[in-house]
Every structure is written in C-alpha cells, then in structure tokens.
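Scope of the values below: all heavy atoms of this structure, side chains included, with no hydrogens, waters or symmetry mates. Quick note on labels: first sequence line is chain A, next is B, and so on, each numbered from 1. Source: prediction; values computed, not measured.
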Number of protein chains: 2
Amino acid sequence: MLSDDDQTTHIDEIVETIVYLYTESRRLTKQAAREIGLTGPQLTVLKLLDTLGDVSLSSLSERIRAQNSTVTGIIDRMEREGLVVRERSTADRRVVYIRLTEKGRELARSVPVEPMEIFRTVLSTLSSDDTRDLLRVLGKLGKRVRALVREHEAVSADDRRKAAGS
Amino acid sequence: MLSDDDQTTHIDEIVETIVYLYTESRRLTKQAAREIGLTGPQLTVLKLLDTLGDVSLSSLSERIRAQNSTVTGIIDRMEREGLVVRERSTADRRVVYIRLTEKGRELARSVPVEPMEIFRTVLSTLSSDDTRDLLRVLGKLGKRVRALVREHEAVSADDRRKAAGS
DNA sequence: CCGGAATACTTCGTACACGAAACTTTCGCC
DNA sequence: GGCGAAAGTTTCGTGTACGAAGTATTCCGG
C-alpha cells in the first residue's frame, strides 16, 4: 500500500515525465524540420500527406489535433513554398483537399524522421511486458479522461441551456 | 512474444494516448483560465508563484519548459494586468525576480485548478500497482530519451567543432 | 422547393513559442 | 584592475494556436 504522500510524489513524477517526453519529442522534430527549411508542424503535415494521400483540411486538423484556422495558416505557407496545392472538391464544394506537389513528395521522402520520432525510437526498445503494462495503464487513463471530459462538456452545455432559457 | 506488427500498433497507440492526454489537459487548463480572464500559461505561472514564492525569470522559464523570451512576454502581460511586478535583484543586478501582487495572490488562491489538473485527477484514481507500473516504464523511457538526446547533442557539437576548424 | 440549421473553410485579433541578436551586468583570469 | 567570456534578460521576426465572426455551400424539415 502506498501512502498518500508517495502517491502524490508519483503523480508529480509521472506528469513531469510525460510533459518532458512530449516537449522533447516536439523539440527534436522541430530541429529535424529545420535542417530542410521547414517548421515542426509543416514536417508533420508533409509526412502525413505522403502517408495518407490527399485529405481534406478538416481531417488534417483532426489528425494533428489543431483547429481548422491553425491548419489554414500552415497550408498557406506550405502552398507559398510550392509543397502542396489546395484542390476544391467537386462532390462537396465546401471541402478543400490538400495535395502534395512533386516537390513536396520528394522532400517528404528525403526525410527519414517520423513525427514524435525519438519517442517512438525509445518505445521500441522496451520489452514486450513493459510495452503491455504501459499500454494497459495509459489506456485506462485515456478512457477515464474521455469520460470526465464528456461529463464536463455535458454540464457546460446544460449551463448554456439554462442561461438561454432564463 | 509480440510480433513486430503488434509492437508497431502498440507504439502508435501509446504515442496517440500520450499526445491526447497532454493536449487535452492543456486545453482544459486553458478553459479554466478563461473563466477568470487569464490564458493557460498565465494561470500556470500564477499558481507557480503562489507555491514557490518569488523566483527569477530564468527559473520560471525552466520550470514551465519555455524560453526566456517567451516568459518575458507572459510576464509583460501579467504585469500590465497588475498581477505581478518585476523586481531587480540587488545581489545580482542581471537577475529579475517576479513577485505576485496582492491582486495576483488573491486570484491565484481563488482558483482550485492545478496545472494539468484533469491529468492528475485521473492519475489519482489508479491503483497502486498501476501507478507503480506506469512510473516504472515511464522512468525507463525518460532515462533513455535523456541518454539519446545527450548523445545527439554531443554529435552536433562535434559537427560544429569540425566545421569551425575547417 | 425553400428557408434556416449545419458544415467546411477563411479571416482577424491576441497570445504563446522559439531562435538570433542586442544589452547589461558579473565573472574569471592575467 | 581591466578585459574578454559568460550569464540574465529583452527585443525582434516568424510561425503556430485558438476562438469568434464571416462566407460559401449543403442539408433538412415542413
């Protein structure tokens, strides 16, 4: 049995470590991107497009967990550099597909780095047991956070409903 | 024994989940901050100052894993709002200490939210075993990433040395 | 089939976020 | 004691990052 103090210390350490892993991984992606004249997010988008093929701007946003307005800017700059083109869908003229140009594709293939590279590299050195444990516990965490968020959003929505009705 | 495919899938899931936990936690901090007219980083700084007392700008930067130039801006805006004051150290006149004003302190104490709040909340619901497993594996990851980064930085430094010498 | 809700994207304003360069002050060494 | 390197902070330029408001298009209930 762990004491409350131990538990608190452990939580701090876990948060510390996850923040470290995340920020460090992003920093190194950025550094790799720099070497070919790109920014971190731009490299991420480039790699995604090479992997997924043409995708709409919204699904791109969803994939990299950013708002549409953010991605609009990123694509603007990549289009300016001739790495991608925008192509309006004929089926639904609200939708914009992002397509790699030849230049963009070549650049994408010339870089060996994956998004969150260092992170993945190190993860692959874990034993099967460690990987399984990590996945098991993180899975629980993700599930519980999602549940809490849903709950929280529901309360907020209810607040707004009440406010509107008053 | 896990197959390579399983291993790759697991790595993807782990990365996915960590990115989710991190971004979601930041999003919710931002949302909490919004309710009292602050931004996410500003709330984080406010809480840190209330906990740590006066600290120099550099140590603040280090604590929140940001560059000094970033923190300068954050403090500028908080100072403009009358939440903190800058105080130049008398011992070392290069150093600037950041101090909470009364207004800042009151605001800090009026908010129950900790940085990465949701994350901590959910972590505290884990069993001792799960916490231990998580900490154990994350600890390994952190250690290995640090080692890789050190190695990498050493190579870069060597590159620069060679370039300078040529 | 038409008018309003919903969807996809862009625009705008503000706040990070970072690296490079500038500035001030301190330190180390001869 | 003085001077060059180093440390602490700020300034500047560029690129995210987000929410709110705006525009164009599609969907849907009557």
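Between the base of D:dT25 and the side chain of A:Arg93 there is no donor-acceptor pair shorter than 3.5 Å. A donor-acceptor contact under 3.5 Å is formed by the side chain of A:Ser69 with the base of D:dG19.
Between the side chains of B:Ser59 and B:Ser56, at least one donor N or O lies within less than 3.5 Å of an accepting N or O. In this structure, a donor-acceptor pair under 3.5 Å is absent between the side chains of B:Thr72 and B:Ser69.
Rounded to a whole Å, the CD atom of A:Gln67 is 15 Å from the C1' atom of C:dT7. Atom CG of B:Asp76 and atom P of C:dA17 are 15 Å apart (whole Å). Counting to the nearest Å, the P atom of D:dA20 and the NZ atom of B:Lys30 are 10 Å from each other. Spacing between atom CZ of A:Arg27 and atom C1' of D:dT16 amounts to 18 Å, rounded to whole angstrom units. The distance from atom CG of B:Leu60 to atom P of C:dA17 is 12 Å, rounded to the nearest whole Å. Put simply, CZ on B:Arg88 is 10 Å from C1' on C:dC23, counting in whole angstrom units. One can place CD1 of B:Ile64 at 13 Å from C1' of C:dC18, the figure rounded to the nearest angstrom. In this structure, B:Leu38 places its CG atom 16 Å from P of D:dG19, rounding to the nearest Å.
By the 4.0 Å N-to-carboxylate-O rule, A:Lys47 lies too far from A:Asp50 to be salt-bridged with it. Remark: B:Arg99 does not engage B:Glu79 in a salt bridge, criterion side-chain N to carboxylate O under 4.0 Å. Between A:Arg27 and A:Glu24, at least one side-chain N (NZ, or NE/NH1/NH2) sits under 4.0 Å from a carboxylate O, which counts as a salt bridge.
Set against D:dT16, C:dC18, D:dT11, the side chain of B:Ala66 has C:dC18 as its closest nucleotide. Candidate nucleotides D:dA20, C:dA17, D:dG8 were compared by shortest atom distance to the side chain of B:Arg94, and D:dG8 ranks first. Taking every side-chain heavy atom of B:Leu57 into account, D:dT10 is the closest of D:dT10, C:dG19, D:dT16. With distances taken from any side-chain atom of B:Val95 to the nucleotides D:dG8, D:dT25, C:dA20, the minimum falls on D:dG8.
At the heavy-atom level, A:Arg86 lies under 4.0 Å from the strands shown only through sugar-phosphate atoms. Residue A:Thr39 is in sugar-phosphate contact alone, with no base atom involved, counting any heavy-atom pair closer than 4.0 Å across all strands shown. As judged by a 4.0 angstrom heavy-atom cut-off over every strand, B:Asn68 is placed among the base-contacting residues. Counting any heavy atom pair closer than 4.0 Å across all strands shown, A:Arg77 reaches a base atom.
Within the 4.0 Å cut-off from OP1 or OP2 of D:dA20, at least one side-chain nitrogen or oxygen of B:Arg34 is found. For the pair A:Thr70 and D:dC18, the criterion of a side-chain N or O lying under 4.0 Å from OP1 or OP2 is met.
If A:Arg26 and A:Ala91 are placed on DNA chain D by their nearest nucleotide, the residue sitting closer to the 5' end is A:Arg26. Residue A:Gly40 is the one, among A:Asp92 and A:Gly40, whose nearest nucleotide of DNA chain D lies closer to the 5' end (criterion: closest heavy atom). Nearest-nucleotide positions on DNA chain C place B:Gly73 closer to the 5' end than the other of B:Thr90 and B:Gly73.
The CG atom of A:Leu107 sits 8.0 Å away from the CG atom of A:Leu43 when rounded to the nearest 0.5 Å.
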